[in-house]
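These notes concern the structure reproduced below.
In each ligand, atom 1 is the first atom listed, and ligand 1 is the first ligand listed. Worth knowing before you read on, the calculation uses all heavy atoms, side chains too, and leaves out hydrogens, waters and symmetry mates.
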Amino acid sequence: MKMFKKYTTVLTTIIGSSLVLTACGGGTAPTNTGTTATPAAATAAAAKTDGPKLNFRLAETHPADYPTTIGDKKFAELVNQASGGRIKIDVFPSSQLGEEKAVIEQVQLGAIEFTRVSTGALGGFNKQYEVFSLPYIFDNDEHQWRFLESEQGTKLLDSLESSRMKGLAYYSSGARHFYTKKPVKSIADLKGLKIRVIQNKVNIDLMNALGANATPMPYGDVFNALQTGIIDAAENNYPSYFSSNHFQQAKNLILDQHQRVPEVLLISKVAWDKLSADDKALIKKAALDSVKTQKEEWAKFEKDSEAKVRAAGVTITEVSDLKPWQEAVKPVIDKYRNDYKETLEAIEKAKK
Ligand code: GTR
């Protein structure tokens with residue numbers, strides 16, 4: 001019965017989604033009335049504003065004021081502008097369309113066209129993406145961005161095609177830290193704790209290396225799991241720790257910076273393949289252009305979240321020497337070094 005319900009939901013979503021496309025297919029396209037455009041520019045503009053109207057959905061885990069959601073909205077706005085109002089993308093925040101894993105499955109089917117997800121979640125679908133869950137591979141955000149904008153970073157974005165998705169742009173996500181119900185001052189204190197992680201193999205190995213027990217579960221279940229004691233801890237960046245209210249349940253934060261797991265804005269390969277070359281280009285450009293806004297919002301929200309959790313009385317433990325942490329998790333890097341040789345070399349190169 002449960003299975004039946006699940007498939008009916010997916011089916012309804014697929015049908016619902018294609019109806020939107022069909023219903024909009026007959027819409028009248030706005031005419032290009034510019035008088036000063038050169039013939040070539042006029043043709044290009046007409047190519048963008050002519051043709052069927054398209055209405056898409058973008059699934060987002062975070063609430064409306066979160067930096068990724070603001071980035072998504074900027075992206076939707078830029079697409080709308082560049083297509084002369086012909087392409088409309090509705091952003092659904094707060095996991096309204098489902099938790100990340102379920103959303104990715106629907107994106108693969110083409111039932112949801114766009115989403116913004118963590119590369120951690122993508123690791124469960126595309127092995128190449130697990131590289132981002134390896135600990136301490138980036139020194140800081142600048143190092144990470146140098147890699148993401150490098151040839152190898154772009155190649156990785158494109159490699160999503162083999163998983164029936166098309167990566168459009170990376171977004172910032174800062175560093176992840178552990179937060180616990182009981183005070184944690186050192187690696188030894190993590191021993192035996194049940195820690196929620198995003199589901200992928202590297203995360204399980206990482207928790208094992210620290211002597212903890214990995215408990216994969218959807219992001220939306222973490223608050224209750226902390227409250228009821230199903231888990232002892234979780235880990236995330238400042239903005240997620242704050243906006244999810246996890247700080248109310250796990251009041252000890254240790255700034256160990258174990259991972260920097262970027263976000264990705266992506267489109268279903270099913271939807272991508274149906275687009276004209278012009279629409280593909282304008283969508284890709286809008287995604288890249290939205291990064292600036294997302295980064296600015298990220299910087300502000302990260303600071304703000306830190307201030308708010310400090311004001312709420314969270315116990316924050318600074319880690320002045322990361323070396324013991326890096327040593328403890330080195331077996332994880334060693335285990336995966338060959339699998340991600342090319343990417344890890346490019347990450348190393350991006351240090352300078
Ligand atoms: C956040 C990320 C979300 C989600 C969440 C999690 O940092 O922005 O997309 O992946 O972490 O831990 O599930």
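For Ala121, the closest heavy-atom approach to ligand 1 does not fall below 4.0 Å. The shell of residues lying under 4.0 angstrom from ligand 1, judged by heavy atoms, includes Arg116.
With atom 6 (C) of ligand 1 as the reference point, the heavy atom nearest to it among Glu263, Arg196, Lys101 is part of Arg196.
Short contacts between ligand 1 and Ser240, defined as distances under 4.0 Å to a heavy atom of the residue, involve ligand atoms 1 (C), 7 (O). Listed by number with element, the atoms of ligand 1 under 4.0 angstrom from any heavy atom of Ile198 are 6 (C), 10 (O), 12 (O), 13 (O).
By the 3.5 Å distance cut-off applied to N or O atoms, Tyr219 is not counted among the residues near ligand 1. In terms of N/O distances under 3.5 Å, ligand 1 is approached by Glu100. Remark: ligand 1 and Asn236 share an N or O pair separated by less than 3.5 Å (distance only, no angle test).
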Check residues 212-219 and write down every donor-acceptor pair under 3.5 Å in which the side-chain atom is one partner and the other belongs to a residue at least two apart or another chain.
residue : atom : partner : partner atom : Å
Tyr219  : OH   : Ser240  : O            : 3.4
Tyr219  : OH   : Ser240  : OG           : 3.4

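Between Ile195 and Leu210, the closest side-chain pair of non-hydrogen atoms is not below 4.5 Å. Taking 4.5 Å as the limit, some side-chain heavy atom of Trp145 sits within range of a side-chain heavy atom of Lys295.
Residues Ala209 and Val329 come closest through the heavy atom pair CB-CA, 4.3 Å.
Looking at Glu297 and Lys300, a side-chain N of the basic residue comes within less than 4.0 Å of a carboxylate O on the acidic one, giving a salt bridge. Comment: Lys285 engages Asp289 in a salt bridge, judged by a side-chain N to carboxylate O separation of less than 4.0 angstrom.
Taking the six-membered ring where the residue is Trp, Phe138 and Phe132 present parallel rings, their angle staying beneath 30° rather than reaching 60°.
Contacts of Asn237 with ligand 1, taken as heavy-atom pairs under 4.0 Å, involve the side chain alone.
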